[in-house]
Amino acid sequence: CCVKSVAQGAWGWRDCVATRKPPSLSACRPAQPRSVEGAGRWPRVGSSCTHNQRRKHAHPGDRHALVLGSHAEEQSDKFTWREDGHFGISDVEPTLAACGRLPRHPLGQGWMLMDMHIPTLLAAVLLVGAVLSLSVSAVAHRQQRDGMVFWAVGLGMHTVSYVFLFQVEALGEWAAFMAAVVLRSCAWAAFSEGLSQFYRRRVPRLLIWGPVAIAPVAFALLFEQLAPRIISISLIFGAQSLLALWLMWQARRTTPGRGQYFLMTGLVTALVFLVLRSIGAFMGTEADMLPMNGEGAVQAVGLVAALVVLLLLSIGFVLMSKDRADSLNRMLATQDSLTGLANRRHLNETLDLEWARASRTGQSLALIMIDIDHFKAYNDHYGHQAGDDCLQRVARTLELSTRRAGDLVARYGGEEFLLVLPHMNDAGGRWLGESIRQAVDMLNVPHAGAPSGRLTVSVGVATTHEAVHPDTASLL
């Protein structure tokens, strides 16, 4: 890592555990890249570089040449150059720094094939986050109460938190990090509020907003202790993301479409990164001990993960809202608004499908028609509101009478209902029809216009095996 020598008073790359970065990393970088042969050019293809040449030409401030010297001698004595000026080797990877330009990350033990520019990643996160937040807010409507407003606010706060995270020099470390922690915690709380409103589920406010109060307190108490601070804040954010994931998991079977899986993937990605960062800080890993505004592999991966999470959360929630709206539209198009049963359109589609299946397989198909007796007199005597209540009670009775998965109960007309019963013969249809008639009698709904003084129904049954029917109209 790049540290300042106490004896020489100069910056240089040395073996150490760094928790602070130098004022400028250029203090530890050479002005010009040094070739191993010392002639200002890279070796020709096929030339070789021994560990003796590495000793001769390595510069104390050149991080591309000064690493793992003794280890290279023990493992191999010879390295091979590639055409592009970088080296290749078939023996031991750690010895690559002896002859080549491939950069070795100063705070980690791995080799990086490319450098990630932190300011560019930050700009990408801010730009994408701002666009997503504004896009979601543009399609959000408070009257719908579908959680979209909370989601747009959460995306905005999550994006703004990165602005404070990288304003340490202007605001000071304590103020910048505190603002970032509070905004990030509020963003996770807004996500949970959005999911709670989307699922129409009451969640205790303490579970949602409790971590928002705990996070700044933990940060203030542990500000001078880097590892405990990173662990505590990461675990608080992880708990908030876990709450949102738990809300989705509970409603996964009743949520239509596949948008929920995009959202779950984003939450799991954030949770995994937070847990791994906590583990790294607990184990004292050098890269994990740097704050998120540092320049290191963990910080670069954190920004990339933030970009992925923002995209998945936005796309997932918008798709969830669209899938539910599409499901609602399909339901409205096939459901009777008064009784909740299938409407005439759905009935015709299902009847044609079951008729074709019965004709192909030779299985029986039964239809049961139910008509409420003297319903016009009931409406005239009790009023249309009472008539609607009567239709709803009969509809619920029909639904309770049919328990097979393939059966369909539909409203055929004003006071007429139809049951489509695949794989049912005439005897089964007659038995079910009689059961329905008795169930309606047991409701004991008063009917002054009926001879019996209570509400009754008439039931008719027809099956395909009882007679030959050329089409569904003749069966009806």
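Nothing here was measured: the structure is a model prediction, and the numbers come from that model.
- Listed by first and then second residue, the salt bridge (charged side-chain N to carboxylate O under 4.0 Å, His left out) pairs involving residues 242-259 amount to none (not counting sequence neighbours).
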*Would you check, one step at a time, whether the test side chain to side chain contact (heavy atoms under 4.5 Å, CB included) holds for His158 with Leu183?*
CA-CA 6 Å; His158 194 277; Leu183 283 172; over 6 Å; no
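- Contact of the Leu367 side chain with the Leu421 side chain is not registered, since no non-hydrogen atoms from C-beta on lie closer than 4.5 Å.
- A distance of 7.0 Å separates CG of Leu418 from CD1 of Ile370, quoted to the nearest 0.5 Å.
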Cut-off 3.5 Å, no hydrogens considered: what does the side-chain donor-acceptor table look like for residues 126-135, sequence neighbours left out?
unit_1: Ser133; atom_1: OG; unit_2: Ala152; atom_2: O; d: 3.1
unit_1: Ser133; atom_1: OG; unit_2: Gly156; atom_2: N; d: 3.4
unit_1: Ser135; atom_1: OG; unit_2: Val131; atom_2: O; d: 2.7

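- For Leu222 against Ser232, the heavy-atom pair with the smallest separation is CD1-OG, 3.5 Å.
- Aromatic ring pairs are classed by plane angle as parallel below 30°, tilted from 30° to 60° and perpendicular above 60°; the pair Trp174 and Phe219 is tilted.
- Leu263 places a side-chain heavy atom less than 4.5 Å from the side chain of Trp151.
- A donor-acceptor pair is defined here as one N or O able to donate and one able to accept, closer than 3.5 Å; no such pair exists between the side chain of Ser327 and the backbone of Asp323.
- Interatomic distance, Ile315 CD1 to Thr265 OG1, rounded to the nearest 0.5 Å: 11.0 Å.
- With sequence neighbours left out, Phe150 forms a ring-ring contact (aromatic ring centres under 6.0 Å, His included) with no residue at all.
- Sorted by first and then second residue, the pairs that involve residues 192-219 and meet side chain to side chain donor-acceptor pair (under 3.5 Å), not counting sequence neighbours, are Glu193-Arg205, Glu193-Trp209.
- The CG atom of Leu247 sits 6.0 Å away from the CG atom of Leu195 when rounded to the nearest 0.5 Å.
- Partners of Ser185 by side chain to side chain donor-acceptor pair (under 3.5 Å), not counting sequence neighbours, listed by chain and number: Gln240.
- Residues satisfying the side chain to side chain donor-acceptor pair (under 3.5 Å) criterion with Arg396, sequence neighbours excluded, are absent altogether.
- Heavy-atom minimum distance, Ala395 versus Thr339: CB-CB, 3.8 Å.
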*Could you check Asp407 against Leu419 for side chain to side chain contact (heavy atoms under 4.5 Å, CB included), going step by step and ending with a plain yes or no?*
CA-CA 7 Å; Asp407 298 341; Leu419 274 65; over 6 Å; no
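- Smallest separation of non-hydrogen atoms from Ala306 and Tyr162: CB-OH, 2.8 Å.
- Side-chain N or O atoms of Gln335 include one that pairs as donor or acceptor with a backbone N or O of Gly340 at under 3.5 Å.
- For Leu271 against Gly238, the heavy-atom pair with the smallest separation is CD1-O, 3.4 Å.
- By the side chain to side chain contact (heavy atoms under 4.5 Å, CB included) test, Thr334 pairs with Asn343, His346, sequence neighbours left out.
- Taking all atoms of both residues into account, the shortest heavy-atom contact from Leu455 to Cys390 is CD2-SG, 3.2 Å.
- Here the CG atom belonging to Leu155 is positioned 4.0 Å from the OG atom belonging to Ser314, to the nearest 0.5 angstrom.
- With sequence neighbours excluded, the residues forming a salt bridge (charged side-chain N to carboxylate O under 4.0 Å, His left out) with Asp441 are Arg437, listed by chain and number.
- Annotation: side chain of Val125 is in contact with side chain of Leu310 (closest heavy-atom distance under 4.5 Å).
- With contacts defined as side-chain heavy-atom distances shorter than 4.5 Å, the pair Leu267/Met248 qualifies.
- A heavy-atom distance below 4.5 Å is not found between the side chains of Leu312 and Phe317.
- Proximity of Ser321 to Phe198: side-chain heavy atoms (C-beta onward) are separated by under 4.5 Å at one or more points.
- Among all heavy-atom pairs drawn from Phe164 and Leu171, the shortest one is CD2-CD1, 3.6 Å.
- Scanning for ring-ring contact (aromatic ring centres under 6.0 Å, His included) contacts around Tyr378 gives Tyr382, His447, with sequence neighbours left out.
- Distance alone, capped at 3.5 Å, places no donor-acceptor pair between the Gln260 side chain and the Met320 backbone.
- Looking only at side-chain heavy atoms (C-beta outward), Leu391 and Phe417 come within less than 4.5 Å of each other.
- Between the side chain of Arg404 and the main chain of Pro422, a donor-acceptor pair closer than 3.5 Å is present.
- Residues Leu245 and Ser241 fail the side-chain proximity criterion, which asks for heavy atoms closer than 4.5 Å.
- Between the side chain of Arg411 and the backbone N or O of Gly414 there is at least one donor-acceptor pair closer than 3.5 Å.
- Within the 3.5 Å criterion, the main-chain N or O of Ala244 finds no donor-acceptor partner in the side chain of Trp249.
- Atom CZ of Arg403 and atom CG of Leu432 lie 10.5 Å apart (nearest 0.5 Å).
- With sequence neighbours excluded, the residues forming a side chain to side chain donor-acceptor pair (under 3.5 Å) with Arg344 are Tyr412, listed by chain and number.
- The closest donor-acceptor contact from the side chain of Thr254 to the backbone of Ala251 lies under 3.5 Å.
- The side chain to side chain contact (heavy atoms under 4.5 Å, CB included) check on Gln438 picks up Glu434, with sequence neighbours excluded.
- Distance CG/Leu338 to CD/Gln392: 5.0 Å, rounded to 0.5 Å.
- Residue pairs that meet the salt bridge (charged side-chain N to carboxylate O under 4.0 Å, His left out) test with at least one member in residues 297-322, sequence neighbours left out, are Lys322-Asp326.
- Although no hydrogens or angles enter the test, the distance criterion places no donor-acceptor pair under 3.5 Å between the side chain of Arg454 and the main chain of Asn444.
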